[in-house]
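Following: one structure in structure tokens, then a few remarks.
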Amino acid sequence: MTGATPMDHAHPHRAPLLIRDLRADDADARDALITRAFADTPHASGTEAAIAAALDTHGIASVSLLVERDGVPVGCVQTSPVSLSDGTTGWHGLGPIAVDPACQRDGIGTALMTAALERLRSLGASGCVLLGDPAYYTRFGFAADPRLVLPGVPPTYFLRLAFGDVVPSAKVRYDAVFEAG
Ligand SMILES: CC(C)(COP(=O)(O)OP(=O)(O)OC[C@H]1O[C@@H](n2cnc3c(N)ncnc32)[C@H](O)[C@@H]1OP(=O)(O)O)[C@@H](O)C(=O)NCCC(=O)NCCS
């Protein structure tokens with residue numbers, strides 16, 4: 001939900017988070033945020049900021065959210081439609097997601113994940129996939145599933161969350177901007 005201000009029960013004196021749609025004038029701050037967040041991340045490609053920019057510039061992103069604390073951007077997340085080889089539509093890929101390293105482990109990533117998934121559901125999406133560490137994403141309902149395959153990646157790290165009862169059997173392809181970076 002845009003403008004959501006989740007209560008910070010663990011830190012009641014901390015300014016609330018404001019989650020909102022990304023605006024064009026956020027581009028530079030978002031770029032710097034993603035670059036900082038991925039700088040020390042294993043498996044980072046170094047192209048995450050360029051991918052995020054391309055998703056917005058070309059109108060590919062289905063969800064593009066920024067989270068602010070005290071007016072300062074501290075995190076961002078995007079989703080974009082993915083193609084399924086069986087022709088099923090309505091599935092989206094989540095990523096990149098990034099939280100400023102100075103603010104990590106404080107619930108901001110959780111707030112962003114929750115907001116992005118809520119938005120996808122409100123858009124009528126059928127499901128969401130992502131490439132990530134199951135230790136983090138299973139808490140949001142994501143799970144590896146042999147029916148959905150992202151060629152070339154370890155299956156245990158390719159995770160799905162269906163919003164309905166149906167999980168297609170298909171190969172998944174992200175938009176070409178993820179390859180170009
Ligand atoms: C992944 C990321 C968005 C999480 O944001 P965050 O604000 O730190 O997350 P939260 O505070 O909501 O959650 C923290 C919890 O997640 C765990 N966690 C965070 N990243 C994790 C990871 N990569 N693998 C496993 N657990 C992870 C923390 O240990 C902590 O666990 P706890 O709640 O049991 O203590 C953030 O760490 C980040 O920006 N990382 C660098 C960029 C990245 O790797 N993005 C994901 C790939 S697209």
Side-chain angles (χ1 to χ4, degrees), residues 1 4-20 22 26 29-56 60-70 72-82 91-120 127-144 148 150 152-161 172-181:
M1 182 175 66
T5 53
M7 178 79 81
D8 188 343
H9 294 287
H11 305 280
H13 305 300
R14 195 159 284 168
L17 301 174
L18 172 70
I19 300 179
R20 61 168 173 83
L22 189 98
D26 296 316
R30 198 266 306 268
D31 188 290
L33 172 60
I34 292 180
T35 302
R36 279 199 305 281
F38 280 92
D40 295 322
T41 304
H43 312 300
S45 65
T47 58
E48 290 82 6
I51 290 169
L55 287 174
D56 285 320
I60 299 162
S62 42
V63 175
S64 186
L65 300 176
L66 191 79
V67 55
E68 294 177 344
R69 178 176 273 160
D70 271 336
V72 177
V74 289
C76 58
V77 64
Q78 287 163 298
T79 69
S80 54
V82 290
W91 282 71
H92 298 252
L94 187 143
I97 178 169
V99 172
D100 191 306
C103 307
Q104 288 179 6
R105 304 202 163 199
D106 198 15
I108 296 173
T110 298
L112 275 174
M113 284 295 300
T114 304
L117 294 172
E118 188 177 299
R119 178 66 72 84
L120 276 181
C128 184
V129 292
L130 60 79
L131 190 57
D133 190 335
Y136 185 55
Y137 295 104
T138 49
R139 69 187 71 187
F140 305 107
F142 283 87
L148 280 176
L150 183 66
V153 308
T156 47
Y157 288 90
F158 188 60
L159 312 176
R160 60 93 185 116
L161 174 63
V172 179
R173 191 160 47 85
Y174 281 76
D175 191 276
V177 301
F178 283 87
E179 285 141 43

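For ligands, and for the atoms within them, numbers begin at 1 and follow the listed sequence.
Once rounded to the nearest 0.5 Å, the distance linking CZ of F142 with CG of D133 reads 13.5 Å. Separation of atoms OH (Y137) and SG (C128) is listed at 10.0 Å; rounding is to 0.5 Å.
For ligand 1, the 4.0 Å heavy-atom shell takes in A37, F38, T41, I97, A98, V99, Q104, R105, D106, G107, I108, G109, T110, D133, A135, Y136, Y137, R139, ordered by chain and residue number.
Counting only N and O atoms by type, the side chains of S64 and D56 include a donor and acceptor under 3.5 Å apart.
Checking side-chain atoms of Q104 against main-chain N and O of V99 turns up a donor-acceptor pair under 3.5 Å.
For D26 and R20, the salt-bridge test passes: some basic side-chain N is under 4.0 Å from an acidic carboxylate O. Checked for salt-bridge contact, D106 and R69 meet the test: a charged N lies under 4.0 Å from a carboxylate O.
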